[in-house]
There are 2 protein chains.
Amino acid sequence: MTDRATSVDVARAAGVSQSTVSRALSDDKRISEETKKKIRKAAERLGYTPNEIARSLQTNKTNMIGLIMADIQNPFYPTVLEVYTQKLHSMGKRLLLLSVPRGFEVDDVLPSMLQHQVDGLVVTSAVVSSKLHKILKVHKTRTVLLNRSVDDFSLNSVCCENTTASIEVASFLVREGHRRMALIGGRPDTSTHRERHQGFQSELNRHGLDIVDEEYGGNTYEGGYQAALRLFSKDIPPDAIFCISDVMALGALDALRYELKLRVPEDVSIVGFDDIPAASWPSYNLTTVRQPVEAMVGRSLAILFDPEDYPPVSIKVPGELIIRGSVKTGAT
Amino acid sequence: MTDRATSVDVARAAGVSQSTVSRALSDDKRISEETKKKIRKAAERLGYTPNEIARSLQTNKTNMIGLIMADIQNPFYPTVLEVYTQKLHSMGKRLLLLSVPRGFEVDDVLPSMLQHQVDGLVVTSAVVSSKLHKILKVHKTRTVLLNRSVDDFSLNSVCCENTTASIEVASFLVREGHRRMALIGGRPDTSTHRERHQGFQSELNRHGLDIVDEEYGGNTYEGGYQAALRLFSKDIPPDAIFCISDVMALGALDALRYELKLRVPEDVSIVGFDDIPAASWPSYNLTTVRQPVEAMVGRSLAILFDPEDYPPVSIKVPGELIIRGSVKTGAT
DNA sequence: TTGAAAGCGCTAACAT
DNA sequence: ATGTTAGCGCTTTCAA
């Protein structure tokens, strides 16, 4: 096997010019069917495939979009990833994936992505630092945050309607007779956390209640487990826990059942957020808020590729409260 | 914001030639410190970043490796993905990710990856068709299969020592007094399935036993759930089930406990394969074989990047039986 | 120690 | 309907 064939090789083999090859293979209307056929045959015979890199250099488009994912171990993200790769593939585009190692920030890995000249960039579940902000401003790469937003609307973002959904959770818990609500947050410095916290709290307030206790679990199973333990090491335990993400809810649930020997939902109610696959497994049967992944991913790609020159937009897609068995009902 | 700065802009700004800029920024020893400093300053001021695409075209190296993943929803893969992105990032390389949509085969998405001129290719958990084989032969892109192998050694592969590990599982079950062993497979047409099946069976045979029943679960939770149900719809149920992957084991476990009201391990023992995070959660507490992801990924990258001109190799990395609570012990 | 110039494999404007 | 030519932004001889 010698070197990869180029369009020049095909041209030679077909007895035409190189530009004719280029046109024929992109199905230019001006090339006769006859020549096209000849060229296609030659290309096939030589195993020729266009070199995307050369094409990119010329067209200034790589057909790659970058995805920076900070929290790949959260079971919520495989679905996100799959939806992205598939939607992109059907658009003839590819996904350049970067995950942010523990202990690093997005800013640390971003430059390498930008050098590859991605046509667009999606940043998900990351803390948006001011440095990140700056880098993104200098490079003109179109960017959208998924599952994060920034207060000043300086960056495109697509999120679930966190506030509304959390209000619904609070309202549901109150309606079902809960009074001592605790919250297990992820990271206090993320917009998702702030919005879910705020929505939850405001609705409790409306009912003359408040969040009685609060812990952080870093959006991991283990973190949720430990946070639940801490919640119950205090004087008066909560009668319901709102976990800002499903993984933490699973950890909390297991801590309560297996370590503290409490029953869910008889002794404590738990609500999650995301609706990851495990939430519906009978071992957990978790009441939670479903994030509309398809829609969110779709909107984010629309922002990146739509011709209109969007000013930064902040899109909120409604979530859906999925009632399963982890909340005690009927009490009053 | 005008267009992105190029090395020509930097050259002009620093009052040197473009080639000097190129050399200075790659820290060529022949350029004086003085000039380097001047150039670096200019580059910084203009927000210049080298264009990887142009560089790739010239050097014939993209610093991207492609990963084709057929089964991204299997909880085993997020870890694989994370290990890849991080190892690659520390090598100054990037990951181009493609997932294979349901109903498609690897061959359908492969060409798009090859056009992007990836420096190497990892294909994981895929059925290796003869068409795939052919494509890979024509393009000289170095390829390695992860978690799959081919019988004729025509493709590099890195796998867990499936046979040995499955022998150990069988031996363990027999030792603990089980006699009626069933198996829940993934897909019969994969090497992983064949190896695990074969190892398990051969060891049972050595003890005068055999696999009493067999079902397939397609490596999904739901598939494992249904497969377990099928296993128990027959006359004489098994007293132990070896599930070829953890997700299926979780599904099987839930089916047994919640649908059939059986106790695990008192009534039935279950063993999985992979050691996904959920396997260690107290709700499942699954005895399983741990796949050494770090090592496997490391070996696969070594094959892609090592200077030696490997002939196709088939590397087997040992797994480790992790004994938890899903197997009844002590009986004889 | 630096500069000039060629060329990687394409696309696209400009001939014809 | 097809060919010629000029780049895209780099790296890398070859000269000086």
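Lettering of chains follows the sequences in order, A, B, ..., and the numbering in each one begins at 1.
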| message | Taking A:Glu34 first and then A:Lys37, would you say they form a salt bridge - that is, a charged N and a carboxylate O separated by under 4.0 Å? | response | no
| task | Could you tell me whether B:Lys36 and B:Asp28 have a side-chain N and a carboxylate O separated by less than 4.0 Å? | result | no
| Quick one: does B:Thr62's side chain have a donor or acceptor within less than 3.5 Å of a partner on B:Gln117's backbone? | yes
| message | Regarding B:Glu195 and B:Lys316, does a basic nitrogen lie under 4.0 Å from an acidic carboxylate oxygen? | response | yes
| said: Main chain of A:Glu52, side chain of A:Ser56: is a donor-acceptor contact present, judged purely on distance under 3.5 Å? | reply: yes
| field | Within residues 7-32 of chain B, residues whose heavy atoms come under 4.0 Å of DNA chain D | value | B:Ser7, B:Gln18, B:Ser19, B:Ser22, B:Arg23
| field | Flag side-chain contact, heavy atom, 4.5 Å: B:Val150 against B:His133 | value | yes
| note | salt bridge (charged side-chain N to carboxylate O under 4.0 Å, His left out) pairs touching residues 6-16 of chain B, sequence neighbours excluded, are B:Asp9-B:Arg12
| said: Short of 4.0 Å, heavy atom to strand atom, which residues of residues 34-44 of chain A count as contacting DNA chain D? | reply: A:Thr35
| Looking just at side-chain N and O atoms, do A:Ser129 and A:Asp107 make a donor-acceptor pair shorter than 3.5 Å? | yes
| By ring pair (Phe, Tyr, Trp, His ring centres under 6.0 Å), which residues pair with B:His116, not counting sequence neighbours? | none
| field | Side chain proximity check, A:Ser112 to B:Arg94, heavy atoms < 4.5 angstrom | value | yes
| query | If you measure from the Lys or Arg side-chain nitrogens to the Asp or Glu carboxylate oxygens, is any gap between A:Glu294 and A:Arg299 under 4.0 Å? | reply | no
| said: If you take any heavy atom closer than 4.0 Å to DNA chain C, which residues from residues 53-66 of chain A end up in contact? | reply: A:Ala54, A:Arg55, A:Gln58, A:Thr59
| remark: Its 5'-most and 3'-most nucleotides having an atom under 4.0 Å from a non-hydrogen atom of chain B, DNA chain D is contacted over D:dG9 to D:dC14
| request: Check whether any side-chain heavy atom of A:Val158 sits under 4.5 Å from a side-chain heavy atom of A:Val297, and report yes or no. | output: no
